[in-house]
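Counting starts at 1 for both ligands and their atoms, in listed order.
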Amino acid sequence: MKTKVQVAIIGKPNAGKSTFFAAATLKDVKISPTPFTTIDPNIGVGYVRIDDCPCKSVACNPKSYVVVEGVCYAPVELIDVAGLVPGAWQGRGLGNQFLDHLRRAPVLIHVVDASGSTDEEGRLVKPGSHDPLKDVEFLEREVDMWIASIIKRDWDKVVRFVEFSKRDIVEVLLEKLAGLGMGRVHVEKALEVAGLAKRPPSKWGEEDFYKFSHSVRSLSKPIVIAANKIDLPEGEEGYKRLREAYPDRIIIPTSAEAELALRRAASKGLIKYKPGDDKFEITGELTAQQRAVLDKIAEVMKKWGGTGVVQAINAAVFKALRYVAVYPVEDERRLSDKNGNVLPDILLVPHTYTARDVAYTIHTELGDRFITAIDVRSGRRLASDEPVTHGLVLKIVAR
Ligand SMILES: Nc1nc2c(ncn2[C@@H]2O[C@H](COP(=O)(O)OP(=O)(O)O)[C@@H](O)[C@H]2O)c(=O)[nH]1
Ligand SMILES: [Mg+2]
């Protein structure tokens with residue numbers, strides 16, 4: 001099976017990226033059975049939470065996901081990209097090395113210190129004294145400038161190709177952006193949005209490279225904002241400012257620190273907590289100090305509907321990327337694989353995928369031998385160009 005969806009966590013130093021990553025990937029006994037192991041210190045397995053899973057109504061035997069009291073958690077790969085500082089695209093700090101990390105992920109979560117208690121390079125300052133809007137601007141500009149610098153490399157060659165060899169500019173740009181996960185539709189649309197569809201490459205100026213890069217990145221690599229440190233009063237202020245400044249963006253209030261504390265407490269048996277819930281239950285003996293910390297966390301969760309960590313990952317996968325969860329089975333009566341495992345797998349795929357694309361995701365050979373697919377719960381055959389839908393249990397019929 002192809003690799004998991006990758007989600008990169010980005011942001012300036014001290015915004016809370018590693019805390020977010022540690023919380024989201026923490027292997028507590030309940031959420032992490034053996035098959036999921038750490039891949040790399042900075043790459044780990046996190047989860048999206050699926051509440052409306054078909055597992056609710058049948059006893060399932062998950063192989064590649066986890067079920068906790070009727071709630072499913074499907075794995076995604078999280079990448080903790082080390083902190084970006086202004087000028088990273090020019091190689092400042094450990095710049096390009098980190099930007100290269102971003103290549104792999106189709107969606108990014110930008111952890112912003114909404115409380116404004118760190119300056120643009122992550123140094124501690126008085127809470128509320130740094131404007132989180134600046135962090136959003138600077139970081140996205142870093143990413144866009146980096147893409148612009150890739151496009152600008154050997155631009156005279158592009159000019160020659162397009163103007164003298166009459167090659168399609170879309171093709172040439174696609175080649176340049178290869179490995180960044182950008183498709184033809186993204187490049188075509190970005191040229192249009194940037195007003196460059198008809199401008200010859202020899203006439204592109206600085207601003208054009210930037211505009212194109214910005215458009216192609218926004219289209220192909222959406223960024224979810226995690227307004228972190230929401231547990232601090234200044235964090236709430238910052239979150240409100242972000243919401244006002246970016247009414248159309250996906251912004252999730254988060255307290256990564258609270259989530260980490262909850263998962264640690266849960267793994268010690270002190271509390272019962274399903275990641276993504278808006279509350280927890282105390283099950284162990286607590287010291288006065290532990291109780292005070294948990295009481296404070298409970299308040300934050302009540303106010304915001306949870307800690308926001310799982311919500312941010314869900315928003316990245318289901319809202320920003322618009323992926324859907326589908327459940328391939330081989331035996332349509334038992335909803336199982338050929339060994340009798342009921343609903344063994346959850347696949348997270350783009351909402352534009354057809355059943356044949358799903359077959360290719362499972363195995364190239366299955367895609368090649370694909371004949372048709374059946375929506376198991378209705379018994380209906382899917383049309384060949386029909387996109388799959390969230391929650392679909394499907395049987396692929398192959399030669
Ligand atoms: N109050 C508060 N502090 C947080 C939160 N998340 C992280 N921090 C603190 O912010 C500091 C930097 O966190 P870290 O995860 O190392 O940031 P990174 O440099 O972005 O990886 C640490 O002292 C964390 O404890 C949060 O949600 N609330
Ligand atoms: Mg870190």
TODO: Answer yes or no: does an N/O atom from T254 fall short of 3.5 Å to an N/O atom of ligand 1?
DONE: no

Assess, by modelled atom type and distance only, whether the side chains of D113 and S117 contain a donor and an acceptor separated by less than 3.5 Å.
yes

Review point. Quick one: does atom 23 (O) of ligand 1 have a protein heavy atom under 4.0 Å from it?
Key: no

the protein heavy atom lying closest to atom 16 (O) of ligand 1 turns out to be S18 CB, 4.2 Å

- Taking the six-membered ring for Trp, are the ring centroids of H390 and Y323 within less than 6.0 Å of each other? no

Of all the atoms in N14, is at least one N, O or S atom closer to the Mg ion (ligand 2) than 2.8 Å?
no

Nearest non-hydrogen protein atom to atom 11 (C) of ligand 1, with distance, is N14 OD1, 4.1 Å

Atom 9 (C) of ligand 1 touched by protein heavy atom at under 4.0 Å: yes

So is E259 touching ligand 1 or not, going by heavy atoms under 4.0 Å?
no

Checking heavy atoms under 4.0 Å, the part of T19 that sits near ligand 1 is both

Query raised in the report: Looking only at distance, does G16 have an N or O less than 3.5 Å from an N or O of ligand 1?
Result: yes

Requested in this report: Before accepting this row, confirm whether a basic side-chain N of the pair E332/R377 lies closer than 4.0 Å to the acidic partner's carboxylate O.
Outcome: no

Would P13 count as a contact of ligand 1 if the rule is a heavy atom under 4.0 Å away?
yes

Cation-pi, F370 ring and R356 (6.0 angstrom, 45 degrees): no

Could you say whether the N/O atoms of A256 and ligand 1 ever approach to under 3.5 Å? yes

- R141 charged N/C atom sitting above Y210 aromatic ring, 6.0 Å / 45°: yes

- Query: Would you find a donor on one side and an acceptor on the other, under 3.5 Å apart, between the side chain of K221 and the backbone of A105?
  - Reply: yes

Ranked by distance from atom 25 (O) of ligand 1, the top protein heavy atom is E257 OE2, 2.6 Å

Besides V300, the hydrophobic cluster formed by Ile, Leu, Val, Met, Phe, Trp and Tyr side chains linked at under 4.5 Å, directly or via other members, contains V112, L133, V136, I225, I230, Y239, L242, Y246, I251, W304

Short version for I230: what comes under 4.0 Å of ligand 1, heavy atoms counted, is neither

Practice task
Output yes when a side-chain donor or acceptor of Q311 lies under 3.5 Å from a complementary backbone atom of G305, and no otherwise.
Solution key: yes

